[in-house]
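Here's the structure we're looking at; comments come further down.
Note: hydrogens, waters and symmetry copies are ignored here, and every other heavy atom, side chains too, is used.
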Amino acid sequence: MSGCLMGNEKGTPLQFGDRTTSDVVVRLRTPEGRDEWLYSHTSILTKKSKYFADRLSDTWPTCQILDARSCVEVHSQDSDFDYHITLLRLFYVVSDSLISESEHGVRNALGILRVAIELDCPIIVSACVEFLESVPWEESEEEEILRTIPNMGPSVNPILSRLQPVDPATIFRIFLSALRLAMSSPPPSLRDLKTSAQEQLEYMLTDDDDAPLLAACDKVKLEVRECTKTLFSNFCSLLESLSKEDKTTISKKVKLELLESNLSDLSWVCQISSKLEIMRDVVTFWSEVSNTLIRTLEDETSISETLEIKFKTIEVATKIIEAIGYGTVILPTAKRLHMVNLWLPFARSAKPIIDASSNDIDEQRTKSDIWKTLESALISIILALPSEYQADILSEWLGNKHIQYPDLTEAFEVWCYRSKVAKKRLASCVSPFESS
């Protein structure tokens with residue numbers, strides 16, 4: 001802060017609290033009993049505050065105290081007591097920036113703004129609004145602003161400009177830009193930005209306590225489908241390149257890294273496709289490439305290089321099998337049986353190797369959750385197959401040395417019960433012609 005207002009005959013600056021030049025006392029009182037006399041000057045109070053201009057006018061009765069000074073009582077809540085004093089001090093300041101981050105901060109500026117509105121001080125209100133509208137807010141400060149500002153009238157509306165809803169066209173434009181980044185293959189330095197784009201796109205489409213930022217309309221679905229087609233095409237080309245010797249300059253290690261990246265993208269695509277109800281596209285693609293993918297991973301001799309890739313594959317397969325097992329995507333019996341026959345053995349052989357490589361507790365917990373989800377989804381698919389197919393799967397499982405995973409005990413128990421009571425339960429379904 002710099003400078004003070006000039007106000008007496010000698011041209012010396014008037015000082016807040018100077019009893020020798022003061023001609024008015026602002027008596028600040030609270031319900032809790034705080035009472036402070038603040039020595040001020042009529043010329044400054046009436047210039048900076050319409051409230052004081054009215055109170056010190058000839059039309060408003062005032063009380064004379066001590067050396068013929070006028071007294072204006074101001075009643076304040078205890079929480080605003082210091083803000084009133086700061087406001088009165090600001091009346092005496094001559095500066096381009098009355099409110100600053102270093103001296104006041106967001107919370108103090110809010111408090112000053114609150115009392116400045118009560119005492120009708122347009123210059124201070126404008127300074128607080130300008131400050132709060134331009135500085136960054138912490139999350140707790142933003143919540144306090146949302147609780148406070150809406151009740152202060154239109155003069156403070158610019159403060160809320162950063163929180164205003166955006167029109168749908170702008171949201172869709174942001175969505176498209178983020179989608180292209182989320183589905184791109186950026187250099188390592190930009191991978192965190194890609195991950196952030198994926199997370200925010202998923203958040204935009206999530207229906208939680210608030211409605212999704214973007215509705216799952218045909219236009220949005222079309223854009224996602226177009227981007228996923230490119231991902232599917234790249235994934236197929238990469239699998240083809242890995243499954244045979246080619247003359248490209250790309251090393252096997254780089255190809256495996258690309259495969260892991262593509263699998264991560266597919267896992268994310270499953271998330272948003274589920275929200276947009278277009279999961280059938282991903283399920284259809286996955287069922288078509290499953291044979292090649294499993295064969296490619298099984299042919300790789302380097303366990304260390306393919307370990308993370310195998311788990312990423314399990315992660316995607318789990319989401320696909322969930323969609324099939326719980327009826328999100330309806331497939332004919334032959335295709336459901338095909339998926340079980342492919343992914344059950346792969347998961348069974350991959351689990352011991354993947355689990356043995358994990359030492360981090362949080363990582364183990366995450367992987368454990370995925371294994372359980374996959375197991376439940378497989379059981380759901382198995383129990384929806386014809387009973388003879390169930391018998392074949394269960395027979396193979398009971399004789400396998402890896403019987404612990406997946407644990408098909410639940411499917412076995414249900415199959416035994418259904419088989420035992422099948423004739424009795426279906427007897428009533430036999431037509432009169434068949435029984436005769």
Side-chain angles (χ1 to χ4, degrees), residues 191 195 198-199 235 238-239 242-243 252-253 255-271 274 282-283 286-287 289-326 336 338-383 393-414:
R191 281 177 189 165
T195 301
Q198 290 180 342
E199 289 172 351
F235 193 83
L238 187 57
L239 281 183
L242 280 164
S243 63
K252 176 67 73 72
K253 183 179 179 181
K255 289 178 184 178
L256 290 174
E257 288 174 355
L258 284 173
L259 180 60
E260 185 176 350
S261 175
N262 283 354
L263 285 165
S264 295
D265 289 345
L266 277 171
S267 180
W268 175 75
V269 164
C270 287
Q271 295 292 107
S274 178
V282 192
V283 170
W286 190 256
S287 65
V289 300
S290 287
N291 267 323
T292 306
L293 176 58
I294 290 174
R295 189 167 57 249
T296 300
L297 292 177
E298 288 176 343
D299 287 346
E300 288 298 325
T301 55
S302 174
I303 295 177
S304 59
E305 286 184 351
T306 60
L307 208 56
E308 280 302 314
I309 295 174
K310 283 185 176 180
F311 187 70
K312 280 290 178 187
T313 302
I314 288 292
E315 192 177 304
V316 179
T318 298
K319 292 174 181 178
I320 300 295
I321 290 169
E322 261 195 303
I324 300 169
Y326 300 122
R336 284 181 281 130
H338 177 66
M339 292 297 278
V340 172
N341 286 336
L342 278 177
W343 290 106
L344 191 153
F346 181 80
R348 174 190 289 156
S349 61
K351 186 177 187 297
I353 303 169
I354 291 171
D355 286 353
S357 69
S358 181
N359 296 318
D360 183 76
I361 295 175
D362 290 334
E363 184 183 342
Q364 288 175 350
R365 190 178 294 116
T366 300
K367 289 182 176 179
S368 175
D369 290 342
I370 291 175
W371 291 122
K372 287 175 184 175
T373 302
L374 176 58
E375 182 179 83
S376 297
L378 283 169
I379 290 171
S380 183
I381 295 179
I382 292 168
L383 288 174
I393 293 167
L394 292 170
S395 178
E396 190 277 335
W397 167 69
L398 287 166
N400 196 286
K401 64 178 180 179
H402 297 296
I403 193 171
Q404 286 183 309
Y405 189 87
D407 183 353
L408 302 184
T409 301
E410 180 186 344
F412 183 39
E413 290 173 353
V414 172

Separation of [Y] [atom2] from [X] [atom1] (nearest 0.5 Å):
{"X": "Glu308", "Y": "Leu263", "atom1": "CD", "atom2": "CG", "value": "11.0 Å"}
{"X": "Ile324", "Y": "Ser287", "atom1": "CD1", "atom2": "OG", "value": "7.0 Å"}
{"X": "Leu383", "Y": "Leu408", "atom1": "CG", "atom2": "CG", "value": "9.0 Å"}
{"X": "Glu260", "Y": "Leu307", "atom1": "CD", "atom2": "CG", "value": "10.0 Å"}
{"X": "Thr306", "Y": "Leu256", "atom1": "OG1", "atom2": "CG", "value": "7.5 Å"}
{"X": "Asp355", "Y": "Glu363", "atom1": "CG", "atom2": "CD", "value": "10.0 Å"}

Does the side chain of [X] reach to within under 4.5 Å of the side chain of [Y], using non-hydrogen atoms?
{"X": "Trp343", "Y": "Thr318", "result": "no"}
{"X": "Leu344", "Y": "Pro406", "result": "yes"}
{"X": "Asp407", "Y": "Ile379", "result": "no"}
{"X": "His338", "Y": "Asn291", "result": "yes"}

Any side-chain donor paired with an acceptor under 3.5 Å for Lys312 and Ser267?
no
Relative to each other, are the rings of Tyr405 and Trp371 parallel, tilted or perpendicular (30° and 60° limits)?
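Geometry flag for Trp371 against Tyr405: perpendicular rings.
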Does this structure show an ion pair linking Glu375 with Lys351, if we count only N-O contacts that are shorter than 4.0 Å?
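So Glu375 does not pair with Lys351 through a salt bridge.
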Does a salt bridge link Asp362 with Arg365, judged by any charged N lying under 4.0 Å from a carboxylate O?
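Arg365 and Asp362: salt-bridged.
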With side-chain contact (heavy atoms from CB on, under 4.5 Å) as the criterion, how do Lys319 and Thr373 come out once you've worked through the C-alpha distance, each side chain's angles and the decisive distance to 0.1 Å?
CA-CA 9 Å; Lys319 292 174 181 178; Thr373 302; over 6 Å; no
Atom of [X], atom of [Y] and distance for their closest heavy-atom approach:
{"X": "Trp286", "Y": "Met339", "answer": "CD1-CE, 3.7 Å"}
{"X": "Ile382", "Y": "Val340", "answer": "CG1-CG1, 4.1 Å"}
{"X": "Leu394", "Y": "Ala411", "answer": "CD1-O, 4.1 Å"}
{"X": "Ile403", "Y": "Trp397", "answer": "O-NE1, 2.9 Å"}

Option passing side-chain contact (heavy atoms from CB on, under 4.5 Å) with Ile294 (candidates Val289, Thr313, Leu342):
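Result: among Val289, Thr313, Leu342, Leu342 is the only option passing the side-chain contact (heavy atoms from CB on, under 4.5 Å) with Ile294.
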Please determine whether side-chain contact (heavy atoms from CB on, under 4.5 Å) holds for the pair Trp268 and Thr195, giving the CA-CA distance in whole Å, both sets of side-chain angles, and the decisive distance to 0.1 Å.
CA-CA 10 Å; Trp268 175 75; Thr195 301; over 6 Å; no
Does the side-chain contact (heavy atoms from CB on, under 4.5 Å) test come out yes or no for Leu297 and Leu259, once each step is laid out?
CA-CA 11 Å; Leu297 292 177; Leu259 180 60; 4.3 Å; yes
Got more than 12 heavy atoms from elsewhere within 6.0 Å of CG, Leu398?
yes
CD of Glu410: more than 12 outside heavy atoms within 6.0 angstrom?
no
